[in-house]
Amino acid sequence: MQRTEIDGTAAFWAEGPKPFAGRITFHIGTADETLPQRGLTELVHGLVVDALTSPDTAPRVHWGSAVELTDTAFWAEGEPDRVAALLTRVCRTLADPPADALPRVARRLQAALDSAAPDPAAEHHHIRHGYRGYGRTAFDRPHLAQHTPDDIRTWATRHFVRGNAALSLTGPPPPDLHLPLPDGPRHTRPPQRPAPDVGGHWYEHTHEAGHTLSLSFVMPTTHHRPALTIALDRIAREQHTGDGSLGDLDLRADLTGDGRTLALITATTDEHGATAAATTLDTTLRTLAQHGPTPQEIDTYRTTGLEDLDNPACTRALVDYTADDHTAGHDHLDIHSLRAFLHTLTPDTVRATLADYPRTALLGMPRHTAPTPDNPLTPLPPLPAGTLTTADEYRPRLRSPLSRRTRLYIGDEGITQWWPDGAATIPWYGVAGLSTDETGTATLYGENGACITYHPDWYRSGDDIHDRIRWHVPPRLHFRERRGEPI
């Protein structure tokens, strides 16, 4: 594999099978946005896509793009000169996003967000991290119209820059390839710090859409790929010989920093098969964590991996992974290192990789279902309600939508909303955002995952509520949102 630079951007290439392919990756994604910034990465991406799909200037090449949790990428395959032309155009558009297309792109993206299905991964990140880092992606109601052309330009010129990008190619760089990106450094992302005592629990999904079972757990990054592949293969075999309670399986792995990875397995099921499906997943992972895989499973994984490395089609994946690792600041492995890695793999390394299961596990069950009583996971406890030393009490009006026993307490330390079945407290130092919608209803989001929704008309003597809360929240955390039920 060769490394070079094109207009100050790192580029990696190796000879691969036809057609020629190119991909540029930026180390910026939805997890890097604060709540008021939600949607900026999708808007920048959407403006590029809009420019590329213009009827008059549509590229004559097969191409695609995606915004992920931690990365944004654009890719193409075809004749080298056409791939080069598309990637050059992508970078030119990123350097100067077309402001006149923003209203059209915002309306299109808003419609897509409003109709999107719930994301189990975002829900797991939210439970683990609150409204911090990856957990902020659970907020799915950004009001995209609030973002101005200046907001878009600032976001693009800060994050879609040379130092935060890497190019991967399956052949030598074409001579007419240019990457006219602004100068700028690599984006640094702090390690994700989960809330304490989240692992070892199960919960019911907060949405009714579909019947999805989801299971996440934390593991060391070094051997996470073989451990997860072997686990999924064994789960699939159990499913084939079992009762058929599990449907399609899906896997994703999100690097959380400090050498750790959050794995998420999702499976389709139904109300009648959810309990059996949860048992299959849990039993398989616990068995692997306690005893490791069989030597035959290790040999199968090693043989398949070595065959993949010998396959010319693997070249594209390797250069893409190398570019991704570069933008994230990680070490990357060459072919020889990958071969050595496969030869040193043993049942004990896989067992050690899964050793923290089920201590770090979080199981999401479909609505109105639960795991068996002998499952080691216990119900997820509610967020702990903090206490305020002194606070003013607000009681609901007679015709407000709140229960008459609801109380709102506002003090110098924070705010608490109390109701007969529980309470939520947000300290002022832990505010993630304050939103208002078109009805004047406001929601205060806490980094601890709590949210408190209020309207001055809901409370007696509530005229000063909004002013008191806004005084404690920095202006940079104020934003607008779409109406809907918070997670």
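Using a 3.5 Å distance cut-off with no hydrogens or angles, the side chains of H224 and T353 do not pair a donor with an acceptor. Side chain to side chain, W13 and T170 fail the donor-acceptor criterion of an N or O pair below 3.5 Å. Side-chain atoms of T327 and T25 form no donor-acceptor pair, as typed in the model, at a separation below 3.5 Å. In this model, no donor atom of one side chain and acceptor atom of the other lie less than 3.5 Å apart for Q296 and Y301. Between D325 and T322, the side chains place no donor N or O within less than 3.5 Å of an acceptor N or O (distance only, hydrogens not considered). For the residue pair Q192 / T256, no side-chain donor-acceptor distance below 3.5 Å is found, with atom types taken as modelled. With no hydrogens or angles considered, a side-chain donor-acceptor pair links T41 and E33 at under 3.5 Å. A donor atom on one side chain and an acceptor atom on the other are found under 3.5 Å apart for D282 and Y357. There is no side-chain donor-acceptor pair under 3.5 Å between H205 and T212. Checked by atom type, the side-chain pair R128/S216 shows a donor-acceptor distance below 3.5 Å. Inspection of the T30 and T137 side chains reveals no N or O donor paired with an N or O acceptor under 3.5 Å. Side-chain atoms of S168 and D320 form a donor-acceptor pair, as typed in the model, at a separation below 3.5 Å. No hydrogens or angles considered: a donor-acceptor pair under 3.5 Å links the side chains of D114 and Q110.
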Exercise. Which is it for R104 and D50 under the salt bridge (charged side-chain N to carboxylate O under 4.0 Å, His left out) test, yes or no, and what are the steps along the way?
Worked result: CA-CA 9 Å; R104 176 177 65 252; D50 184 77; 2.7 Å; yes

Problem set entry | Step-by-step side-chain contact (heavy atoms from CB on, under 4.5 Å) determination, T261 to L228 | CA-CA 11 Å; T261 292; L228 292 174; 5.6 Å; no

For this session: Evaluate the criterion side-chain contact (heavy atoms from CB on, under 4.5 Å) for residue pair L177 and L169; output intermediate values, then yes/no.
Result: CA-CA 11 Å; L177 173 60; L169 302 167; 4.2 Å; yes

For this session: Please test H124 against I127 for side-chain contact (heavy atoms from CB on, under 4.5 Å), starting from the C-alpha separation and ending with a verdict.
Result: CA-CA 5 Å; H124 277 254; I127 293 173; 5.9 Å; no

Problem set entry | D140 vs L113, side-chain contact (heavy atoms from CB on, under 4.5 Å): CA-CA, chis, key distance, verdict | CA-CA 7 Å; D140 57 359; L113 285 173; 6.0 Å; no

For this session: Step by step, work out the side chain to side chain donor-acceptor pair (under 3.5 Å) result for T300 and R302.
Result: CA-CA 5 Å; T300 299; R302 180 184 297 117; over 6 Å; no

Exercise. For R189 and H27, what are the C-alpha separation, side-chain angles and deciding distance, and is it a side chain to side chain donor-acceptor pair (under 3.5 Å)?
Worked result: CA-CA 9 Å; R189 184 179 298 118; H27 189 53; 3.2 Å; yes

For this session: Kindly determine whether D32 and R136 satisfy salt bridge (charged side-chain N to carboxylate O under 4.0 Å, His left out), including the steps that lead there.
Result: CA-CA 9 Å; D32 300 302; R136 293 191 292 252; over 6 Å; no

Problem set entry | Candidate pair H223 and F341, rule ring-ring contact (aromatic ring centres under 6.0 Å, His included), full reasoning | CA-CA 9 Å; H223 293 93; F341 173 84; 5.1 Å; yes

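For the pair R252 and Y134, the cation-pi test (distance below 6.0 Å, angle within 45°) is failed.
In summary, the aromatic rings of F139 and Y131 are positioned with their centroids too far apart to meet the 6.0 Å limit. The aromatic ring centres of H326 and F12 sit less than 6.0 Å apart.
Judged by distance alone, with hydrogens and angles left aside, the side-chain atoms of D258 form no donor-acceptor pair with the main-chain N or O of R260 at under 3.5 Å. Checking side-chain atoms of R89 against main-chain N and O of A51 turns up a donor-acceptor pair under 3.5 Å. Although no hydrogens or angles enter the test, the distance criterion places no donor-acceptor pair under 3.5 Å between the side chain of T154 and the main chain of D151. No side-chain donor-acceptor contact under 3.5 Å links T70 to the backbone of G29. Panel note: side chain H201, backbone D197; a donor-acceptor pair is recorded below 3.5 Å. A donor-acceptor pair is defined here as one N or O able to donate and one able to accept, closer than 3.5 Å; such a pair exists between the side chain of T360 and the backbone of V218. Side-chain atoms of H129 come within 3.5 Å of backbone atoms of H125 as a donor-acceptor pair (strictly under, hydrogens ignored). Here the side chain of E5 pairs no donor or acceptor atom with the backbone of A10 at under 3.5 angstrom. N164 contributes no side-chain N or O that, together with a main-chain N or O of P185, makes up a donor-acceptor pair within less than 3.5 Å. Within the 3.5 Å criterion, the main-chain N or O of T287 finds no donor-acceptor partner in the side chain of Q290.
Heavy atoms from other residues, nucleotides or ligands lying under 6.0 Å from OH of Y203 number more than 12. The neighbour count for Q37 CD, taken as heavy atoms of other residues, nucleotides or ligands under 6.0 Å away, is above 12. Summarising the local packing, CG of D310 is surrounded by more than 12 heavy atoms from other residues, nucleotides or ligands at distances under 6.0 Å.
Residues V48 and L94 form a side-chain contact, since some pair of their non-hydrogen atoms from C-beta on lies under 4.5 Å apart. Between I469 and L434 the shortest side-chain heavy-atom distance falls below 4.5 Å. Side-chain atoms of R23 and L167, non-hydrogen and from C-beta on, never get closer than 4.5 Å to each other. By the 4.5 Å heavy-atom criterion applied to side chains, L363 and F217 are not counted as neighbours. Residues L43 and H147 meet the side-chain proximity criterion, which asks for heavy atoms closer than 4.5 Å. Looking at L288 and P293, their side chains come closer than 4.5 Å, going by heavy atoms from C-beta outward. Side-chain atoms of L47 and P98, non-hydrogen and from C-beta on, do get closer than 4.5 Å to each other. Residues D150 and T148 have side chains in contact (heavy-atom distance under 4.5 Å, counting atoms from C-beta outward).
To the nearest 0.5 Å, the span separating CG on D250 from CG on L264 amounts to 8.0 Å. Between atom CG of residue L215 and atom CG of residue L377 there is a gap of 7.5 Å, rounded to the nearest 0.5 Å. Atom CG of residue L109 and atom CD of residue E42 lie 7.0 Å apart, to the nearest 0.5 angstrom.
Remark: R316 engages E77 in a salt bridge, criterion side-chain N to carboxylate O under 4.0 Å.
Heavy atoms only, all atoms of each residue included: P97 and I152 are closest at CB-CG2, 4.1 Å. Across W75 and L86, no two heavy atoms sit closer than the pair O-CD2, 4.4 Å. Heavy atoms only, all atoms of each residue included: A138 and A122 are closest at CB-O, 3.6 Å. What you find for D176 and A84 is that their closest heavy atoms are OD1-CB, 3.7 Å. Contact record, T443 with C451: CG2-CB, 4.0 Å, taken as the closest heavy-atom pair. Listed here is the closest heavy atom pair of L444 and I426: O-CD1, 3.4 Å.
Each of V49, L87, V83 was compared with W63 under the side-chain contact (heavy atoms from CB on, under 4.5 Å) criterion, and only V49 meets it.
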